[in-house]
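See structure below.
Each chain gets a letter, A, B and so on, in the order the sequences are listed, and its residues count up from 1.
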Amino acid sequence: MTDRSFLEAPAVEVAPRLLGAVIRHESDDGVVAIRLTELEAYLGDGTDPGSHAFRGMTKRNATMFGEPGHLYAYFTYDMHTCGNIVCSPSGTASGALMRGGEVVEGHELARARRSTSKNQHDLARGPARLAVALGIRLADNGSDLFAPPFSLELPHAPFDYLSGPRTGVSGEGGTEKYPWRFWLPDEPSVSPYRRHPKA
DNA sequence: TTAAGGATTGACT
DNA sequence: GTCAATCCTTAAT
């Protein structure tokens, strides 16, 4: 069961089922595992203007068109790395952006990487923070999340979740058209909603 | 070749 | 609440 099979659906269907999943990354420094509490879905078939893949495959987003279950890591504002879980069969771009989570293993290492965070819930509240805490680097783009140094443990049963407009995406105007942000209720590690500053 | 913008965060008023 | 940091990717000459 491979857990990988259900990732072949569009991200809009996959993202809510990834809530509560635990992603683990082992590096030279040690192991950090994070339970995902917040994700956003991005499609690439031309219907999603907020997606990097909206205008077709480019050098940067090629990973999103690849095998499901792999990691699409990208750089934004030059200071932050974010991680997506690639969905949909190879050839179709679709991904679930990991926006927030709770550190369940390797707290000390996560804290060391995120020295500015003040409390446990800030360690992975926000996409770039989560990537830093987990140890994702741009070089990890394309890595298989079901093979070392990564692993991905899916929840045994679906969780109850909430959904709403995506955060920080430009070019959507009314983001209500794309209520593809999913999060678990009552989780302090879910980032607060923020519109895009220029939207 | 050149110019414009960004799936954000952290610091400061 | 507002604003700067900072360089890579994409789109347009």
Side-chain N or O of A:T58 closer than 4.0 Å to phosphate OP1/OP2 of C:dT10: yes
Nearest non-hydrogen partners of A:R60 and A:F75, listed with the distance: NH2-O, 4.1 Å
Sugar-phosphate only, base, or nothing, as touched by A:M64 at under 4.0 Å among non-hydrogen atoms: base
Below 4.0 Å: OP1/OP2 of B:dA7 and any side-chain N or O of A:R194: no
OP1 or OP2 of C:dA11 under 4.0 Å from side-chain N/O of A:R55: yes
Sugar-phosphate only, base, or nothing, as touched by A:R125 at under 4.0 Å among non-hydrogen atoms: nothing
A:H52 NE2 to B:dG6 P, straight-line distance once rounded to whole Å: 10 Å
Distance, rounded to the nearest Å, where A:L130 contributes CG and B:dA7 contributes P: 18 Å
Length of the line joining A:R195:CZ and B:dT8:C1', which is rounded to integer Å: 16 Å
A:Y74 OH - B:dT9 C1' separation (whole Å): 13 Å
Watson-Crick or G-U wobble mate for B:dA7, both contacts under 3.5 Å: none
Sugar-phosphate, base or nothing in reach of A:F54, heavy atoms under 4.0 Å: nothing
Earlier contact from the 5' end, DNA chain C, for A:M79 and A:L138: A:M79
Pairwise 5' ranking along DNA chain B for A:K118 and A:T167, keeping only the more 5' one: A:T167
Nearest non-hydrogen partners of A:A73 and A:I136, listed with the distance: CB-CG2, 4.1 Å
Atom pair SG (A:C82) and OH (A:Y77), whose distance is rounded to the nearest 0.5 Å: 10.5 Å
Side-chain donor or acceptor of A:R113 paired with backbone N/O of A:A133 under 3.5 Å: yes
side-chain N/O A:H80 vs B:dT9 OP1/OP2, d < 4.0 Å: no
Heavy-atom side-chain proximity of A:R35 to A:V22 below 4.5 angstrom: yes
Mate of C:dT6 where both pairing distances stay under 3.5 Å, Watson-Crick or G-U: none
Distance in angstrom units between A:Y77 OH and B:dT8 P, rounded: 6 Å
Listed nucleotide nearest any side-chain atom of A:R129, set B:dT8, B:dG10, C:dC7: B:dG10
Sidechain-backbone polar pair: A:N84 side chain, A:V86 backbone, donor-acceptor under 3.5 Å: no
Closest nucleotide among B:dA7, B:dG6, C:dC7 to the A:N84 side chain: B:dA7
Between B:dG5 (P) and A:R60 (CZ): distance, integer Å: 15 Å
Atom-to-atom span, CG of A:N141 to P of C:dT9 - whole angstrom: 11 Å
Atom-to-atom span, CE of A:M57 to P of C:dA11 - whole angstrom: 14 Å
